[in-house]
Visitor: 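Quick one: this structure, given as structure tokens, is what I'll be asking you about.
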Amino acid sequence: MLAAIAAAFLLIGAGCASPSFKAMPAPGIDLTPNGDMAIQRQGNISISIRQASLPNRLYGELTAFTVAISNLADKETDFIPKEFLLFEGSGRQFFALPKEAINEVSNVRVSRTFITYGFAYSHYYNPWWIGGGPVFVERSYPSLLANALPTGPIRIFPRSIVEGNLYFNAPSTRLDSARIRITRLERFPKDQNDAPPEYTYVFPFAVIK
């Protein structure tokens with residue numbers, strides 16, 4: 001009976017194993033020796049990207065990457081993003097979550113199952129009893145918002161780096177591959193008809209489960 005109780009606890013506590021993302025070779029991309037980070041330079045801006053950690057229960061809801069944006073110039077520059085996208089293997093695309101959505105994800109109500117067991121006098125062969133039921137608890141993850149990369153324009157000082165996380169509403173546990181595409185503008189548009197030159201950074205990742 002004790003073995004059955006222990007097994008019940010293990011089943012309840014077990015969750016989906018968190019997948020790992022390995023950066024894949026591509027034109028114009030440098031990889032770290034262990035393949036956990038990819039780096040690409042265009043103009044005076046270099047971008048590096050690697051998998052970011054998440055609370056265990058959120059791997060079934062989100063995918064997160066840590067992005068570092070480096071200004072390689074000797075003068076300050078504005079990083080003007082057009083879009084941050086994640087493409088899964090089938091081609092479905094996801095936009096990076098804005099801060100308002102991250103704040104909502106950071107505070108969730110989740111269900112947990114509790115188990116009780118004991119011993120009582122009984123005429124039956126096994127007097128042990130076991131029971132349980134659901135209980136709802138609040139979970140708050142303020143670090144998600146605190147660590148988020150701004151999705152709007154960023155001023156970066158000379159030879160400086162801005163780092164933060166991008167969160168996508170794509171369950172990490174369901175991805176077989178991922179491709180991150182970051183597009184930035186060379187300068188701010190002068191008006192609605194102005195189309196500044198664009199730089200696009202593409203980072204393919206394999207998913208290891």
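The chain is numbered in sequence order, starting from 1.
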Visitor: Using a 4.5 Å cut-off on heavy atoms from C-beta on, say whether the side chain of Leu54 contacts that of Leu62.
Guide: yes

Visitor: Is Ile69 close to Ile161 at the side-chain level, that is, under 4.5 Å between some pair of heavy atoms?
Guide: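 In short, these two side chains do not touch, never coming nearer than 4.5 Å.
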
Visitor: For residues Ile102 and Ala148, report the shortest heavy-atom separation together with the two atoms involved.
Guide: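 Looking at all heavy atoms of both residues, the closest pair is CD1-CB, 3.7 Å.
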
Visitor: Using modelled atom types only, decide if a donor and an acceptor are shared between the side chain of Asn71 and the backbone of Ile156 within a distance under 3.5 Å.
Guide: yes

Visitor: With a cut-off of 6.0 Å (strictly less than), are more than 12 heavy atoms of other residues, nucleotides or ligands near CZ of Arg187?
Guide: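 Yes.
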
Visitor: Between Phe21 and Phe205, how do the two ring planes meet: parallel, tilted or perpendicular, split at 30° and 60°?
Guide: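 Perpendicular.
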
Visitor: Rounded to the nearest 0.5 Å, what separation is found between the OG atom of Ser18 and the CG atom of Asn56?
Guide: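 Output value for this atom pair is 6.0 Å.
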
Visitor: Which side-chain N or O atoms in residues 86-101 pair as donor and acceptor under 3.5 Å with protein atoms at least two apart or in another chain?
Guide:
| from | atom 1 | to | atom 2 | distance (Å) |
| --- | --- | --- | --- | --- |
| Glu88 | OE2 | Ser90 | OG | 2.8 |

Visitor: Can you tell me how far apart CG (Leu149) and CG (Leu166) are? Round to the nearest 0.5 Å.
Guide: 5.0 Å

Visitor: With a 3.5 Å distance limit and no angle check, can you tell me whether Lys209 reaches the backbone of Leu175 through a side-chain donor-acceptor pair?
Guide: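 Here the side-chain-to-backbone pair exists.
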
Visitor: So, are Arg184 and Asp78 salt-bridged, with charged N and O less than 4.0 Å apart?
Guide: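 Between Asp78 and Arg184 there is no salt bridge, as every charged N stays at least 4.0 Å from the carboxylate O atoms.
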
Visitor: Tell me if a side-chain donor or acceptor on Tyr167 pairs with a main-chain N or O of Leu144 at a distance below 3.5 Å.
Guide: yes

Visitor: Do Ile47 and Phe203 come close enough that some side-chain heavy atom pair is under 4.5 Å?
Guide: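 Yes; the side chains approach each other to less than 4.5 Å.
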
Visitor: Nearest 0.5 Å, please: how far is CG in Asn44 from CZ in Phe79?
Guide: 13.5 Å

Visitor: Between the side chains of Arg159 and Asp74, is the shortest nitrogen-to-carboxylate-oxygen separation below 4.0 Å, so that they form an ion pair?
Guide: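 Result for this pair is yes, salt bridge flagged.
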
Visitor: Are Ile45 and Ile182 connected, step by step, through hydrophobic side chains (Ile, Leu, Val, Met, Phe, Trp, Tyr) whose heavy atoms are closer than 4.5 Å?
Guide: yes

Visitor: What residues join Leu185 in its hydrophobic cluster, counting side-chain heavy atom gaps under 4.5 Å, either direct or through other members?
Guide: Ile80, Phe188

Visitor: Does Thr66 reach the main-chain N or O of Asn165 with its side chain, forming a donor-acceptor pair under 3.5 Å?
Guide: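 Such a contact is absent between Thr66 side chain and Asn165 backbone.
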
Visitor: Has the side chain of Thr183 got a donor or acceptor atom that lies under 3.5 Å from a matching backbone atom of Thr200?
Guide: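 Not confirmed, Thr183 side chain does not pair with Thr200 backbone.
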
Visitor: Quick one: are Ile39 and Ile29 in side-chain contact, heavy atoms under 4.5 Å?
Guide: no

Visitor: Answer yes or no: is there a donor N or O on one side and an acceptor on the other, between the side chain of Gln51 and the main chain of Ala64, under 3.5 Å?
Guide: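 No, Gln51 side chain to Ala64 backbone: no donor-acceptor pair under 3.5 Å.
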
Visitor: Quick check for you: to the nearest 0.5 Å, what is the distance between Glu198 atom CD and Gln42 atom CD?
Guide: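 Rounded to the nearest 0.5 Å, the CD-CD separation comes out at 11.0 Å.
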
Visitor: Got a donor-acceptor contact below 3.5 angstrom from the Ser160 side chain to the Pro158 backbone?
Guide: yes

Visitor: Going by heavy atoms in the side chains, are Pro25 and Leu31 under 4.5 Å from each other?
Guide: yes

Visitor: Please round to the nearest 0.5 Å and tell me the distance separating atom OH of Tyr199 and atom CD of Glu186.
Guide: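 Separation between the atoms: 4.0 Å.
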
Visitor: Show the numbers, then the answer: is there a side-chain contact (heavy atoms from CB on, under 4.5 Å) between Arg57 and Tyr141?
Guide: CA-CA 11 Å; Arg57 72 164 302 274; Tyr141 306 104; 3.2 Å; yes

Visitor: Do you know the tightest heavy-atom contact between Thr173 and Gly60?
Guide: OG1-CA, 3.7 Å

Visitor: Quick check against the 3.5 Å criterion: does Arg41 have a side-chain atom that pairs as donor or acceptor with the backbone of Gly43?
Guide: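 Checked: pair present.
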
Visitor: Can you find a pair of side-chain heavy atoms, one from Ile180 and one from Val202, that are under 4.5 Å apart?
Guide: no

Visitor: Is it possible for you to say whether Leu145 and Val105 belong to one hydrophobic cluster, with membership spreading through side-chain heavy-atom contacts below 4.5 Å?
Guide: yes

Visitor: As an exercise, state the distance from OH of Tyr59 to OG of Ser53, rounded to the nearest 0.5 Å.
Guide: 5.5 Å

Visitor: Please name the pair of heavy atoms, one in Pro19 and one in Ser172, separated by the smallest distance, quoted to 0.1 Å.
Guide: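 Result for this residue pair: CG-O, 3.4 Å.
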
Visitor: One thing to verify: whether Glu163 and Arg50 come together as a salt bridge, which I'm taking to mean a side-chain N less than 4.0 angstrom from a carboxylate O.
Guide: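 Glu163 and Arg50: salt-bridged.
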
